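The figures that follow rest on heavy atoms only: side chains count, while hydrogens, waters and symmetry mates do not. Every chain is numbered from 1 and lettered A, B, ... according to where its sequence line falls, protein lines coming before strand lines. Worth saying up front: this structure is predicted, and the values here are computed from it rather than measured.
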Protein chains: 2
Amino acid sequence: MKLSTKGRYGVKAMLDLAIHSAEGHIALKNIAERQDLSEHYLEQLIATLRKAGLVKSIRGAQGGYTLAHEPSEITVGEILRALEGSLAPVDCVLENEPADCVYSSKCVTKKIWMKIRDSINQVVDSITLQDLIDEYNELNKSEGYMYYI
Amino acid sequence: MKLSTKGRYGVKAMLDLAIHSAEGHIALKNIAERQDLSEHYLEQLIATLRKAGLVKSIRGAQGGYTLAHEPSEITVGEILRALEGSLAPVDCVLENEPADCVYSSKCVTKKIWMKIRDSINQVVDSITLQDLIDEYNELNKSEGYMYYI
DNA sequence: TTTAATTCCTACCTCATTACTCGGTTTTCA
DNA sequence: TGAAAACCGAGTAATGAGGTAGGAATTAAA
């Protein structure tokens with residue numbers, strides 16, 4: 001039940017973008033350096049995020065990335081699902097195209113997996129990038145930029 | 001974010017044991033046949049459950065397994081954590097011995113992983129085997145044993 | 001108009017884990 | 001004493017995770 005680095009790095013990258021959004025579009029190189037991630041690997045992740053419509057890119061020299069929407073309009077759930085796929089703990093309870101099972105809907109344990117899935121979605125869909133920015137700023141205001149992403 | 005077969009098979013096996021508890025101790029072979037699982041593989045899983053104190057074994061001919069406690073005293077969370085380890089989505093928020101991270105407690109994203117972890121635990125710890133038995137019996141009472149584990 | 005910075009794209013690689021199988025040994029009931 | 005069962009440790013094939021490598025396309029700036 002672990003999140004892969006895709007999801008974790010993706011949230012970090014998106015929050016980094018959000019926090020530095022005042023600087024306009026931002027080169028992947030800068031995000032990778034600040035967050036200590038492989039630039040080449042991050043490239044693949046942000047390609048996924050771009051195809052999911054969560055970031056916009058500007059090509060060429062001085063190019064870079066920006067969020068496609070306001071931070072308050074982007075949830076952690078959208079980011080995680082774009083990179084990890086469904087957060088369902090078992091394929092028989094995927095939101096779309098659940099894996100078919102001989103036991104179909106007549107299964108008691110399936111209800112457990114649905115509850116887990118729903119509670120995870122409920123948590124991640126209730127957290128927006130703006131919430132994270134606010135928390136980051138609030139904590140750093142009193143502590144002097146000791147907090148990280 | 002997928003549960004492995006260990007956790008899924010483990011819950012099935014435990015619920016099978018619970019439902020057939022009136023028959024006394026039950027051979028692994030029977031569980032494996034009813035639930036359509038590899039007997040040899042299940043053997044490894046139930047060894048873990050035994051070491052975790054969730055089932056008791058009786059060796060020799062006519063031996064088998066029984067639940068170590070009442071179904072109402074065994075939660076899905078205990079079963080899953082015994083077989084899967086912590087359900088924390090990221091190692092930095094493991095309940096005991098969280099992986100140390102340079103960003104230690106000064107990390108905004110870490111709070112997301114804690115919320116996910118807590119909500120998963122809250123769900124699985126609130127479901128006991130007795131709850132599953134009751135649901136199984138209730139559904140089958142009206143539908144005539146159409147429901148599965 | 002060239003150069004450098006940057007995004008975009010496809011392929012490949014290595015390692016750890018998952019989901020088992022295999023072949024026994026030990027224990028105990030009938 | 002034989003068969004049925006739990007117990008045990010090793011091996012194995014497939015899969016996915018977490019990258020790396022190398023370049024092509026695009027564009028601002030010199």
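Checked against C/dC20, C/dC9, C/dA11, the side chain of B/Y9 finds its nearest nucleotide in C/dC20. With C/dT18, D/dC7, C/dC9 as the choices, the nucleotide that has an atom nearest any side-chain atom of B/S57 turns out to be D/dC7. For B/Y65, whose side chain is taken as the heavy atoms from C-beta onward, the closest listed nucleotide among D/dC7, C/dT21, D/dA4 is D/dC7. The A/K6 side chain lies nearest to D/dA17 when the options are D/dA17, D/dA5, D/dT20. Of all nucleotides listed (C/dC29, C/dT21, C/dA11), C/dT21 comes nearest to the side chain of B/S38.
Inspection of the B/D134 and B/Q130 side chains reveals an N or O donor paired with an N or O acceptor under 3.5 Å. Under 3.5 Å, the side chains of A/S119 and B/Q122 contain no donor-acceptor pair of N or O atoms. Between the side chains of B/T109 and A/Y148, no donor N or O sits under 3.5 Å from an acceptor N or O.
Only B/I26, B/A27, B/L28, listed by number, bring a heavy atom of residues 23-34 of chain B to less than 4.0 angstrom from any atom of DNA chain D.
A/E23 CD: more than 12 foreign heavy atoms inside a 6.0 Å radius.
DNA chain D is contacted by both A/H40 and B/A47; B/A47 maps to the nucleotide lying nearer its 5′ end (nearest heavy atom per residue). Map A/K51 and A/G60 each onto its nearest nucleotide of DNA chain C; the residue landing nearer the 5' end is A/G60.
Residue B/I46 is out of contact with every strand shown, counting any heavy-atom pair closer than 4.0 Å. Looking at heavy-atom distances under 4.0 Å, B/R50 makes contact with sugar-phosphate atoms alone, never a base.
Between C/dA19 and B/S4, a contact under 4.0 Å exists linking OP1 or OP2 to a side-chain N or O.
In this structure, the OH atom of A/Y41 is 8 Å from the P atom of D/dA17, given to the nearest Å. Atom C1' of nucleotide D/dA5 and atom CD of B/E39 are separated by 9 Å, given to the nearest angstrom. In this structure, A/L45 places its CG atom 12 Å from P of D/dT20, rounding to the nearest Å.
The existence of a salt bridge linking B/D36 and B/K12 is excluded, since no basic side-chain nitrogen approaches an acidic carboxylate oxygen closer than 4.0 Å.
Panel note: side chain B/K2, backbone A/A88; a donor-acceptor pair is recorded below 3.5 Å.
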**Prompt:** Between A/L54 and A/M14, does a side chain to side chain contact (heavy atoms under 4.5 Å, CB included) hold up when you go through it step by step?
**Reply:** CA-CA 9 Å; A/L54 295 174; A/M14 290 290 281; 3.9 Å; yes
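With hydrogens and angles ignored, no donor-acceptor pair under 3.5 angstrom links the side chain of A/E43 to the base of D/dT20. The base of D/dT26 lies outside donor-acceptor range of the side chain of A/R59, with no N or O pair under 3.5 Å.
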